[in-house]
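Worksheet: one structure, shown below.
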Amino acid sequence: MRPVFYARPVVEVARELIGCVVSHDGCAGVIVETEAYHHSEPACHGFVGLTERTRVLFGPPGCAYVYRSYGVHACLNAVCEPPGVGAAVLIRALEPVEGIDRMRRRRGLDRLEDLCSGPGKLTQALGIGLEDNGCQLSRGPVLIARRPRAWRGAQIAVSKRIGITKATELPWRFCAVGSRCLSRPAFSRA
DNA sequence: CATGGGATTGACT
DNA sequence: GTCAATCCCATGC
């Protein structure tokens, strides 16, 4: 989608990204799990303000913010809100739709539900790395495209975010209800 | 310049 | 359920 799609409140974008399609290097998957992060709350990297690490996070909406997690994994985010606001949507899980054999090779696993059911898993499956940090999601190499019609009516669950120690009370996680490719099951709904 | 911690995963008990 | 791997960077001395 164009940058204007992302230039809105990050929680709104996080919800609307469910059902959209991420693609990179011949592989693609439908987004089934997201989380919103905003510099006003301490779980966000941007909470400490603008630094070299968070430069992309505070930059123009519609760019990819890719960071290393636990020194091991890469995580993919879509930068949101106007420039100067540190906000992004963490892409937490996909349902594979294209390039599945390539994903299997990259992951060293067979089962469809194991390929992209976590933020570190999906970047590995799609071959997304730190070198993609800052790229425009409307131009690539990492792309996010509009929701296919079949996903327009998907029911969405809302819950607290996962794997963080601060601001854990915010209901900023969104999941496609019934998907078998979530990083963890969805509970509440809305 | 040294240190500590993290938006995770996979292997093992 | 527990735990190591592994590295970037913010922080503090």
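Residue numbers start from 1 in every chain, and the chains themselves are labelled A, B, ... in the order their sequence lines are given, proteins ahead of strands.
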How long is the line joining [atom1] of [X] and [atom2] of [N], in whole Å?
| X | N | atom1 | atom2 | answer |
| --- | --- | --- | --- | --- |
| A:L130 | C:dC7 | CG | P | 11 Å |
| A:F58 | C:dC9 | CZ | P | 15 Å |
| A:Y70 | B:dG4 | OH | P | 17 Å |
| A:N77 | B:dT8 | CG | C1' | 14 Å |
| A:L122 | B:dT8 | CG | C1' | 12 Å |
| A:K121 | B:dA11 | NZ | P | 11 Å |
| A:F47 | C:dT11 | CZ | P | 10 Å |
| A:H45 | C:dC9 | NE2 | C1' | 10 Å |

Quick one: does NZ or CZ of A:R8 land under 6.0 Å from the six-membered ring centre of A:F5, within 45 degrees of the ring axis?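 That pair qualifies as a cation-pi contact.
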
Which nucleotide sits closest to the side chain of [X]: [options]?
| X | options | result |
| --- | --- | --- |
| A:Y37 | B:dT8, B:dA7, C:dC7 | B:dA7 |
| A:T51 | B:dT8, C:dA10, B:dA7 | C:dA10 |
| A:R68 | B:dT9, B:dA7, C:dC8 | C:dC8 |
| A:R53 | B:dA7, C:dC7, C:dC9 | C:dC9 |
| A:V72 | C:dA10, B:dA7, C:dT6 | C:dT6 |

Integer angstrom distance from the C1' of B:dG5 to that of C:dC3: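 My reading of the C1' atoms in B:dG5 and C:dC3 gives 16 Å.
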
Mind checking the P distance from C:dA4 to B:dG4? Whole angstroms is fine. 16 Å

Under 4.0 Å, heavy atoms only, any strand: does [X] hit a base, just the sugar-phosphate, or nothing?
| X | answer |
| --- | --- |
| A:I164 | sugar-phosphate |
| A:R107 | sugar-phosphate |
| A:T165 | sugar-phosphate |
| A:R92 | sugar-phosphate |

Any chance the rings of A:H39 and A:F58 have centres within less than 6.0 Å? yes

What do you reckon, are the aromatic ring centroids of A:Y67 and A:H45 less than 6.0 Å apart? yes

Considering Watson-Crick and G-U wobble pairs with both distances under 3.5 Å, what does C:dT6 pair with?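 None - no nucleotide pairs with C:dT6, as no candidate has both distances under 3.5 Å.
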
Counting only Watson-Crick pairs (N1-N3 plus N6-O4 or O6-N4) and G-U wobbles (N1-O2, O6-N3), all under 3.5 Å, who is the partner of B:dA7?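 The answer is none; no pair meets the criterion.
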
What about A:Y67: does its side chain form a donor-acceptor pair under 3.5 Å with the base of B:dA7? yes

Want to settle it: does A:E52 or A:H73 sit nearer the 5' end of DNA chain C, counting the closest nucleotide to each? A:H73

Is there a donor in the side chain of A:R2 and an acceptor in the side chain of A:S138, or the other way round, less than 3.5 Å apart?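 No.
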
Any donor-acceptor N or O pair under 3.5 Å, side chains A:Q124, A:R106: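 Judged by distance alone, the side chains do not pair up.
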
So does A:D114 pair up with A:R104, basic N to acidic O under 4.0 Å?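 No, no charged N to carboxylate O under 4.0 Å.
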
